[in-house]
Amino acid sequence: MINLLTSNFGAFLTAFGYTVLSSIIALIASLILGTLFAILQIVPSRIARGIARIYVEVFRNIPLLIIVMFFYLVGTRVIALDGFTAGTIGLSLYTSAFIAETVRAGINAVDIGQTEGARANGLSFSQTLRIIVLPQAYKIAIPSLGNQFINLVKNSSILAFVAGGDLMYTANNVAAATFDSFNSYIIVGIFYLIITLPLSYYMKYLEAKTKGLAKEDS
Amino acid sequence: MAEEKKDIMIQFQDVEKYYGSFHALKKVNLTIDRGETVVLIGPSGSGKSTLIRAINGLEPIQEGHLTVNGFDIHDPKTDINKIRKRVGMVFQHFNLYNNKSVLENVMLAPRIVNHIPEEENEKYALDLLDRVGLKDKAGSMPSMLSGGQKQRVAIARSLAMKPLALLFDEPTSALDPEMIGDVLRIIQEIANDSDLTSLIVTHEMNFARKVANRVIFMADGQILEDSKTEDFFNKPTSERAQQFVDQVLDH
Amino acid sequence: MAEEKKDIMIQFQDVEKYYGSFHALKKVNLTIDRGETVVLIGPSGSGKSTLIRAINGLEPIQEGHLTVNGFDIHDPKTDINKIRKRVGMVFQHFNLYNNKSVLENVMLAPRIVNHIPEEENEKYALDLLDRVGLKDKAGSMPSMLSGGQKQRVAIARSLAMKPLALLFDEPTSALDPEMIGDVLRIIQEIANDSDLTSLIVTHEMNFARKVANRVIFMADGQILEDSKTEDFFNKPTSERAQQFVDQVLDH
Amino acid sequence: MMIIAASIFDAFTPSNINYLLGGLGITIGVSIISVIASLVIGAFVGVIMYEKVPFLSRYVTIINDVIRNLPLLLIIFFIYFVLPRIGLYLPVFWATVIAMTVFESTMLAEIIRGGLLAVPAGQTEGARSVGMSNAQALMHIVLPQGIKKMIPPIISQLISLVKDTSLAVGIVLAEMTFRGQIVYAQNSNYTIPVFIALAIMYFILNFGLSLIAKWFDRRMAA
Amino acid sequence: RNARHVDTWERVQRLGAIRWGVKADTKLFGLMNTKSGEPEGFDVDIAKALTVQLSKQSGVPMRADFTVVTSNTRIQLLKNANIDGFIATATITPEREKIIDFSNSYFKAGQAILVKDGSGIKNVRSLNNSKSTILGVVGSNSVINIKKFAPKARVLALGDYGQAMAALKAGQGQALTTDNGILYGLATENPGYSVVGGTFTTEPYGVAYDNHQTAMVKQTNRALKAIIANGTYNRLIRKWFRGVPGLNWRSLER
Ligand SMILES: Nc1ncnc2c1ncn2[C@@H]1O[C@H](COP(=O)(O)OP(=O)(O)OP(=O)(O)O)[C@@H](O)[C@H]1O
Ligand SMILES: Nc1ncnc2c1ncn2[C@@H]1O[C@H](COP(=O)(O)OP(=O)(O)OP(=O)(O)O)[C@@H](O)[C@H]1O
Ligand SMILES: NC(=O)CC[C@H](N)C(=O)O
Ligand SMILES: [Mg+2]
Ligand SMILES: [Mg+2]
């Protein structure tokens, strides 16, 4: 395993960089889109709610592989998208549907009293949402957003199918060239865990902390 | 509607309110003048919260007219935020903004709704916090306060909008018994401010007796009694009210 | 430890309890005899719940001896479930099993813990529900009950295990004022049952006066006062207790 | 766009459609078996993690955390390459089922642990205070209430599972996505129409599932 | 090490069937007929002919069963004992021979490139610059070989030839590289794309078995000779490669 790692270290490291980069870009994009579609789902316009629902349902119910393929093979006819870009776009849209659900649940979990307090105090709907509800909704949603992010990192392995240069793609190529599949996959597995495990433990820690606080509150 | 008599603050005229098929307010008629302090009592589920929330537009009504400070709330042309700016509300569970400091809780609405200059806003907010005895907590987050402190901040927050009327929905019933006194004392001070109209839902009968000009008793969505405070406590006219007062004072 | 004097039900000897680094019970000594009714009062955060939950093993203690019905709770060899079977607990928030009907709430523990035959179990459960005035709600789910009704079911549930002692942690402070009376009346009936030992945390001073043999006053994790009921209410010895009673009775 | 429109008619001959639908059958088959197996294992593991059994819970939790933090695609490849090393020679179908089960049961275990933790502490305390044992409190009180809270996340995890079967394309399981590739191998002009058809078929399958789940959820709530 | 493959020759006789791994995504060599659900192509027919001949040699009647493989999974399927051998456009290379066994070559291909007409690309050398992207398929040795011939170009490995062709059309790369036979198959259905520059490697295809299957390899070599001798081989060459534009099928005959 050490041999395989050292002889392909450059390749694995570059791949790790691509996986991290794609994940970060997709995280930011999907947070923005997800919040937008979460808000559209609670505004008093039926049309907006309908559009948001369709968006969320479509991207939640189609495999990421197919979404990514679509951008790689079809989207690129509109503007040129290489595998990395097409994969990251697909990843962002797919994840944003889940984040929209998470943020919406966070908004719903904010005590209705917060909204009533703000409205009774004279704040408008959008002021209440922006200044009072959303910040608290994000806070509530942190554990679940964290899990979405972990999923996103894992799902970035889909870039392998469109030659996105990521860890999984590199593992496949190294495995094919060296016939040492076993060790190639173990090595990239460890690379993935370097990102996901600390995150996952941090989420557990936050979860435990908020639970502890909730206890004292009541 | 704007030609209402100048000294009427809140007026219900044949107001009907439904939650789905549930009839929560039944032909409610009620007039509260400017500067009055009115206590609203009644058993659980009788519609006290519904009535008070309707005044602030938090619950829409289905029939009748509800005029607040000269504006008909039931009229779709009325901008409800205009009314809310001048009618404050204090909730049972305080509803402080959990994500803002005490001072920010008080300063937020004057800043973004009334566009008060920052300096003036802060000065007034600190004055109010001083008035409720919490100037030293200005920088704290709500989660660090006791229930009684939270409620006093909530009162300061309402006062910051310089309201014409204040609505209180069981302001002390979520508090530890030790904390209740302080909050009631502050409410009494505010109510005694002759300009301000106060409508208070409470189960604290001794307090009601001390502070109210009038007592209104509700049951099953109806106003059963509307009397001068002393008259009410000496001898409620309806049997239901008598029974209620007995039960609450009993233990 | 099993050689305790036969008439002692609960005994704290130099008990210390920590939550992490927070010292919640400080060198607590307290003896409660069989059949006594003791009321425990004190400001919020003073450790009343901690003390009462320790008796039932819901909170472990770190130092000292806590003997309940002859068993030392702090001894790892003690089977805590043996104690719990004979010591019931009534919580502020009822803690009825949300997934079981009223009757099932009462019957479950006797069935699966004491293996009471079904018929006998049901008969006794219905008797108890009758006693708390809720026989007609036997088939309802907890979510359909008012707070007062829930608490009465919780009391019946505790009684179904034929406890030697009952612990009450603010049994009425989550209730609407109208509901409080009924629950207190039932607790009083139970406490008057001379066999049963009761320890009651409450803020209802009139009730405490009527029902208790002794009043214990706690503050900051310590027992500051332990007196006959009349002595306590006539003139608490500590200033802190005096202050507390004044404040609670004030409004 | 013209090419796409024209090739839609060519691509979807009756035999090609049949062939794709056969893949749907395999997708559903893998899903159903993996769902059942991972629910059983996930429930078991979830309860072990919740109960804090000395040693056992700790190590089970670590293993669970490692597996659920890896990409499923990697697990599929890995299991596929590892099984023969431990003397297990399995058809691709069963290799996929095992990979899906290993991965999904860790995800479900986490959901189940969370669902149990979400039952208010008062419920356990109520049960313990009348002398019930830990196991009795779990079986009679906590689990029945926890299950209600777990159902929505479990359902969405199961929908993920159905979508994730598409990853088995990497190890030539003849499920729907792979068969799609076979269809467009006949003529590469079919590639785009096939992906569109796959998207529609997965959407119908999963959206249908989520509607059933919603209906089920409402019934449970009522 | 590989329990079920201890001796493939012994095993296929015992079971009366040979499970061949063949491709299902490669025109001319192995392509799924979705109507029958059976793969068809030169490799598939060779597998059938070899099965018949191997039956004769052993005196045991044997059936040919087919399992779909891809470039990336064929070796693993062999290792997993899902198949007894594969005939799947696989080049005999020294690296592969370390872990699997090959028969003598049954087909001589050579690596080439497929490009869009009018692209100006004449041969693999015109791709040797950093602006060029060359597409291929994971698990083929073509994506490894190409690095020697166009070391400056970017190489992207996709999952299968359908995707690679679609990617070429979508502009994800300037050329698609693999063996000439496979490229001609793709060119027939995609007017406007041509194989250019001729072959730049030799790719002798072999029948692959798991490691140390000397008996099976020996029998296969015998069978190969027999089907060449009895004319079956040339008949199959004619059947599959006559009329493929650009391909000189006569040169393939033996
Ligand atoms: N959002 C709602 N949807 C349906 N019914 C409601 C809603 N809010 C209140 N109700 C019902 O309307 C009735 C009156 O409720 P309201 O809260 O006004 O009573 P209340 O007098 O304030 O009681 P309490 O003393 O318990 O606060 C109750 O029967 C209640 O169940
Ligand atoms: N699980 C816990 N972890 C940490 N600290 C705790 C915990 N439970 C209680 N405490 C702290 O221990 C102290 C005593 O709490 P306890 O609940 O016993 O007080 P109490 O007298 O019952 O108060 P109240 O009247 O508000 O119910 C408080 O300061 C509380 O914050
Ligand atoms: N993709 C293929 O199978 C053909 C490429 C080459 N003949 C190989 O064996 O790798
Ligand atoms: Mg109310
Ligand atoms: Mg307490």
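Model, not experiment: these values are computed from the prediction. Note that these values count all heavy atoms, side chains included, but never hydrogens, waters or copies made by symmetry. Reminder, nothing fancy here: chain letters follow the sequence lines and each chain counts from 1.
- Residue B/Asn56 comes nearest to A/Ala120 through the heavy atom pair ND2-CB, 3.1 Å, listed as atom of the first residue, atom of the second, then distance.
- Enclosure of atom CD in B/Glu119 is not indicated, since only 12 or fewer non-hydrogen atoms of other residues, nucleotides or ligands lie within 6.0 angstrom.
- Between the CZ atom of B/Arg53 and the CD atom of A/Glu116 there is a distance of 3.5 Å, given to the nearest 0.5 Å.
- Minimum interatomic distance between A/Asn121 and B/Ala109 (heavy atoms only, all atoms of both residues): OD1-CB, 3.2 Å.
- At most 12 non-hydrogen atoms from other residues, nucleotides or ligands lie less than 6.0 angstrom from OH of A/Tyr205.
- With a 6.0 Å radius and a threshold of 12 heavy atoms from other residues, nucleotides or ligands, A/Phe12 has its CZ atom above the threshold.
- Contacts of B/Arg86 with chain A are absent, with no heavy-atom separation under 4.5 Å from either backbone or side chain.
- Taken to the nearest 0.5 Å, the CD1 atom of B/Ile80 stands 13.5 Å off from the OG atom of A/Ser124.
- In this structure, chain B has heavy atoms under 4.5 Å from both the backbone and the side chain of A/Ile131.
- The part of A/Gln127 that comes within reach of chain B is its side chain, from C-beta onward, which places non-hydrogen atoms under 4.5 angstrom from that chain.
- Heavy atoms from other residues, nucleotides or ligands lying under 6.0 Å from CD of B/Glu63 number 12 at most.
- Within the 4.5 angstrom heavy-atom criterion, no atom of B/Val90 approaches chain A.
- Counting non-hydrogen atoms of other residues, nucleotides and ligands closer than 6.0 Å to OH of A/Tyr201 gives a total above 12.
- With a threshold of 4.5 angstrom between heavy atoms, B/Leu96 approaches chain A through N, CA, C or O but not through any side-chain atom.
- Listed here is the closest heavy atom pair of B/Tyr97 and A/Gln114: CA-OE1, 3.3 Å.
- Counting non-hydrogen atoms of other residues, nucleotides and ligands closer than 6.0 Å to NZ of A/Lys204 gives a total above 12.
- Among all heavy-atom pairs drawn from B/Arg84 and A/Arg119, the shortest one is CD-O, 2.8 Å.
- Contact annotation for B/Lys82: neither backbone nor side-chain heavy atoms come within less than 4.5 Å of a heavy atom of chain A.
- Of the two parts of B/Leu58, only the side chain, counted from C-beta on, holds a non-hydrogen atom closer than 4.5 Å to a non-hydrogen atom of chain A.
- Interatomic distance, CG of A/Leu123 versus NZ of B/Lys85, reported as 11.5 Å (0.5 Å rounding).
- With chain A as the partner, the residue from B/Met89, B/Met161, B/Arg157 showing the most heavy-atom pairs under 4.5 Å is B/Arg157.
- For chain A, the nearby parts of B/Asn99 are the backbone and the side chain; heavy atoms of each come within less than 4.5 Å.
- Atom CD1 of A/Ile132 is separated from atom CG of B/Leu108 by 5.0 Å, given to the nearest 0.5 angstrom.
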